Amino acid sequence: MNFCSQCGSSDLECKTPEGDHKDRWICTQCQFIHYVNPKIIVGCIPIWEGKVMIAKRGIEPRYGLWNLPCGFMETLETVEEGAVREVFEETGSEVELIRLHTVYNLLHEHQVYLIFLANMKSAHFQTTLESTEIDLFTEETVPWTEMAFTSSTFALQNYFNDMRTGNTSIHFGTYQKK
Ligand SMILES: [Zn+2]
């Protein structure tokens, strides 16, 4: 952190505030404490006739690799609204949520993924600025070696396992860079 977000001062120090348990960037001018908390990423496993829809990323990071439609939650929306919105923005597809499927902690990126199971309302999807290619996949045809993020791989592997076992519990996963 280079500047105080409150007063613009560059005079910051990293220390543990009284009564706290962790170092924070604190402005020596206005005393503002800069708390850094994880961001929430919302998205879906969109399903159509037993297949899942994934999209090839048209933006960095991981340009050209495949991913479930997911993105940062916006302020003043619910996680459910965000998940539906992200699918529509990235693929033009309208979905109806079934239930929460995956909670995935991406510790080093300070992100938490909330991925829902969702039924596509129709077979319609279209490429967008964010997605250069979109398709429906079975477990056998998912491009497993060309996936952008471990969160999607984790969710999809569990989804296909659930189809075999009938498991309907929420899956919790964590990835931490070694
Ligand atoms: Zn300040």
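All ligand and atom numbering here is 1-based and tracks the order in the structure. Keep in mind the model is a prediction, meaning the values are calculated, not measured.
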Check your understanding: What protein N/O/S atoms are found closer than 2.8 Å to the Zn ion (ligand 1)?
Key ->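 Near the Zn ion (ligand 1), the protein supplies C4 SG, C7 SG, C27 SG, C30 SG.
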Exercise for review: Hey, can you tell me if F149 and Y113 have their rings parallel, tilted or perpendicular (30° and 60° cut-offs)?
Suggested key: tilted
Practice item. Please work out which of the three classes, parallel, tilted or perpendicular, describes the rings of H171 and F154, given edges at 30° and 60°. Key: perpendicular
Review point. Does W144 use its side chain to pair, donor to acceptor, with the backbone of E139 at less than 3.5 Å?
Key: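 Side chain of W144 to backbone of E139, a donor-acceptor pair under 3.5 Å: yes, one is there.
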Check your understanding: Between CZ of F172 and OG1 of T174, what distance do you get to the nearest 0.5 Å?
Key ->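 Reported value, rounded in 0.5 Å steps: 10.0 Å.
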Exercise for review: To the nearest 0.5 angstrom, please state how far the CD1 atom of I26 sits from the NZ atom of K15.
Suggested key: 5.5 Å
**Study point:** Counterpart residues, ring pair (Phe, Tyr, Trp, His ring centres under 6.0 Å), relative to H124 (two or more places apart)
**Key:** none
